[in-house]
Amino acid sequence: MYGKLLKLELQSFFRNPQFGANLAMKILMGFTYMWLGFSLVAMAFGLYFYSREELSADPVRIFSKYFLYYAVADLVIRYFMQQMPTQNIKPFLSQNISKKTLVNYTILKIFFNFFNWGYLLFMLPFCGLLIFHGGFSVIKVLMFLTGIMFVFYFNNFLNILLNKKNAVLYAVGAIVAAIGVAEYYGYIKLSDYSEQIFYSFYQIPGMFLIPVLLTALTAYLAYRNILANFYLDRGLEMEKEVGKTENIEFLNRFGTTGTFINNDIRLLKRSKAAKSALFAGIMFLFYGLLYFSGKAYSTDFMRIFLGLFVTGGFLFMFGQRVPAWDSSYYQLMMTQNVPYKDYLKAKWSVVVLATIISMVLAVFYVFISWEFYLTIFAAGLYNLGVNSYLTLLAGAYNKKPIDLNSRAKSFGGGANNMNMKVVLIMVPQMVLPMAVFAAVKYFFSLEMAVASLAVLGLTGFLLRDKIFDLIVKTYKNQKYSTISAFKKI
């Protein structure tokens, strides 16, 4: 039966009307996984030889000392990015297949997820160096490897149990963040406790079984939780809340556009996927702190790159998923007398407002460098006058539907849909402002570089009606292929 279920998933992939775009996305993800794999292997060698040659320390102790922080970060990332394993099984619920078989299948798929077994690409080279280069005990290294790998699987099943329990996660995250700050200022030494806990997997026989047993317990609880809620009218249904009318009165003066803006505000308040896009936009405000990570981000070319994301995080996360945010009722909307231009202007207004707010909030970068904040400000101007349109244009080719009724918290409620047209649009989105800013600053001055991007942004605002006519034309040309793609949900 498991083979048949896998076969059906493969058939669904090959028969999808967006097969070409999905295949391109799979290939792109394949290269991404290869890059991650090489990076993990390189980090294993780097950690081992840096510990031995530069620090003259035990690599296992160095790893154990900071692993607790990484494990917590891994759990938080999983919570926001990892979809629940029940998102692709709704079509099977009406078939003559037992619930236990379907649940077993979804749990089994977890073990083959790259973000679970992929850590072996770090652990195996690291443990191999410990044994063959460092002369560490084979048995002890294997105990250490087993314990650490099961910590990741424990995180995976714990994430399933924490689904929809935001208060618990935020409380734990706040406590860990507070402890991290306390350690930074020398009040406590959490890293010492981390070293004692995880080094015991290597040092003390049998300690590695603790994460194994915890994983078994959380896996069983996750299995029971999924099985108990495995109904379309229970665990997989739309979340029910007390009905209430939400309306921002002053937006009504903008007519149809104001109505659409009201709808987007409700979307951001109610949908987990939309909230995740908003959360990502807030987190991108701190993306500029990479300025301190080394010389790689100290060039003018890369600083404008940071500025584009600091001021445009929400723009990129939300804007390029238009009209996918409305995919669940897009077919109905297209049968109505909906002014396409008003609909797109409403989306544009939301991302422009978010960009302006980001530019204001990013003013704290002035304490790092006045020049750096001017760079961020210039990137914000470009986002306002150019990227706001290009992002909406990219959305016309993004035909991955978003199921707003699902419990998924990942951005967009599912994988993004990448194709060559979207990739080509990224050139004027990213490369053009970086090149213009760096070149003008090199030949003239910082003020002239800011002014050059301001001119591009102002030009975009002055030509917005013409630009919107072109964007509307593109959306209309893609209308029927988009409707066909959105029928999947």
Chemist: Which heavy atom of Ala454 sits nearest to which heavy atom of Leu381, and what is that distance?
Modeler: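 Distance-wise, the nearest heavy atoms are CB-CD1, 3.5 Å.
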
Chemist: Taking atom OH of Tyr475 as the centre, report whether more than 12 heavy atoms of other residues, nucleotides or ligands fall under 6.0 Å from it.
Modeler: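 Above 12, so yes.
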
Chemist: Is the shortest side-chain N to carboxylate O distance from Lys347 to Asp326 below 4.0 Å?
Modeler: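 Yes, this pair counts.
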
Chemist: I want to check something: taking the side chain as every heavy atom from C-beta on, are Leu384 and Val352 in contact at a cut-off of under 4.5 Å?
Modeler: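 A side-chain contact exists here, since the closest heavy-atom pair is under 4.5 Å.
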
Chemist: Determine whether the aromatic ring centres of Tyr153 and Phe157 lie less than 6.0 Å apart.
Modeler: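 No; Phe157 has its ring centre 6.0 Å or more from that of Tyr153.
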
Chemist: Decide yes or no on side-chain contact (heavy atoms from CB on, under 4.5 Å) for Leu121 and Phe38, but give the supporting numbers first.
Modeler: CA-CA 8 Å; Leu121 297 175; Phe38 284 124; over 6 Å; no

Chemist: Keeping Arg321 on the side-chain end and Met317 on the backbone end, is there a donor-acceptor pair under 3.5 Å?
Modeler: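 Judged by distance alone, yes, a pair lies under 3.5 Å.
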
Chemist: Nearest 0.5 Å please: distance from the OH atom of Tyr389 over to the CG atom of Leu344.
Modeler: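 Between atom OH of Tyr389 and atom CG of Leu344 there are 12.0 Å.
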
Chemist: Nearest 0.5 Å, what's the OG1-CZ distance between Thr375 and Phe437?
Modeler: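 Reported to 0.5 Å precision, the distance equals 3.5 Å.
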
Chemist: With under 30° as parallel and over 60° as perpendicular, where do the rings of Tyr119 and Tyr70 fit, or are they tilted in between?
Modeler: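 Rings of Tyr119 and Tyr70: perpendicular, as their planes differ by over 60°.
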
Chemist: Would you be so kind as to tabulate the donor-acceptor pairs closer than 3.5 Å made by side chains of residues 356-372, with sequence neighbours excluded?
Modeler:
from   : atom 1 : to     : atom 2 : distance (Å)
Ser358 : OG     : Ala354 : O      : 2.9
Tyr365 : OH     : Leu285 : O      : 2.5
Tyr365 : OH     : Gly288 : N      : 3.1
Ser369 : OG     : Glu371 : N      : 3.3
Ser369 : OG     : Phe372 : N      : 3.2
Glu371 : OE2    : Arg303 : NH1    : 3.3
Glu371 : OE2    : Arg303 : NH2    : 3.3
Glu371 : OE2    : Lys441 : NZ     : 2.8

Chemist: Any side-chain heavy atom of Pro433 within less than 4.5 Å of one from Leu308?
Modeler: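 Contact flag for Pro433/Leu308 side chains = yes.
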
Chemist: Of the non-hydrogen atoms in Ile467 and Gly460, which two are nearest, and what is the gap between them?
Modeler: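 Where Ile467 meets Gly460 most closely, the heavy atoms are CD1-O, 3.7 Å.
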
Chemist: Hey, do the aromatic rings of Phe152 and Trp117 have their centres closer than 6.0 Å?
Modeler: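 No - the distance between ring centres of Phe152 and Trp117 does not fall below the 6.0 Å cut-off.
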
Chemist: Could you tell me which non-hydrogen atom of Ile261 sits nearest to which non-hydrogen atom of Val350, and how far apart they are?
Modeler: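 The answer is CG2-CG2, 4.3 Å.
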
Chemist: Could you tell me the separation between the OG1 atom of Thr391 and the CZ atom of Phe316, rounded to the nearest 0.5 Å?
Modeler: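 So the gap between those two atoms works out to 5.0 Å.
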
Chemist: Does any part of the side chain of Pro323, heavy atoms only, come nearer than 4.5 Å to the side chain of Tyr343, both counted from C-beta?
Modeler: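 Yes; the side chains approach each other to less than 4.5 Å.
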
Chemist: Please round to the nearest 0.5 Å and tell me the distance separating atom CH2 of Trp325 and atom CG of Leu267.
Modeler: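 Answer for the CH2-CG pair, Trp325 versus Leu267, is 6.5 Å.
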
Chemist: Could you tell me whether Trp348 and Phe461 have their ring centroids closer than 6.0 angstrom?
Modeler: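 Yes; Phe461 has its ring centre under 6.0 Å from that of Trp348.
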
Chemist: With rounding to the nearest 0.5 Å, note down the distance linking CG in Leu453 to CD1 in Ile304.
Modeler: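 Reported value, rounded in 0.5 Å steps: 5.0 Å.
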
Chemist: Who pairs with Lys345 by salt bridge (charged side-chain N to carboxylate O under 4.0 Å, His left out), at least two apart in sequence or on another chain?
Modeler: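 Per chain and number, Lys345 pairs via salt bridge (charged side-chain N to carboxylate O under 4.0 Å, His left out) with Asp465.
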
Chemist: Taking all non-hydrogen atoms of both residues into account, name the closest pair between Gly319 and Leu392 and its distance.
Modeler: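 So the minimum-distance heavy-atom pair works out to O-CD2, 4.0 Å.
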
Chemist: Taking the six-membered ring for Trp, are the ring centroids of Tyr287 and Phe284 within less than 6.0 Å of each other?
Modeler: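 Yes, the ring centres sit under 6.0 Å apart.
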
Chemist: Looking only at side chains, do Asn383 and Thr311 share a donor and an acceptor under 3.5 Å apart?
Modeler: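 Side-chain D/A pair, Asn383 to Thr311: present.
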
Chemist: So Ile471 and Lys341, do their side chains get closer than 4.5 Å, heavy atoms only?
Modeler: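 Not touching, per the 4.5 Å side-chain cut-off.
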
Chemist: What are the two closest non-hydrogen atoms of Ala71 and Val151, and how far apart are they?
Modeler: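 Ala71 and Val151 have their closest heavy atoms at CB-CG1, 4.3 Å.
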
Chemist: Compare all side-chain heavy atoms of Thr355 with those of Phe314 and state whether any distance is below 4.5 angstrom.
Modeler: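 A side-chain contact under 4.5 Å is absent here.
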
Chemist: Kindly compute the distance separating CG (Leu40) from CH2 (Trp35), expressed to the nearest 0.5 Å.
Modeler: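 Reported to 0.5 Å precision, the distance equals 9.0 Å.
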
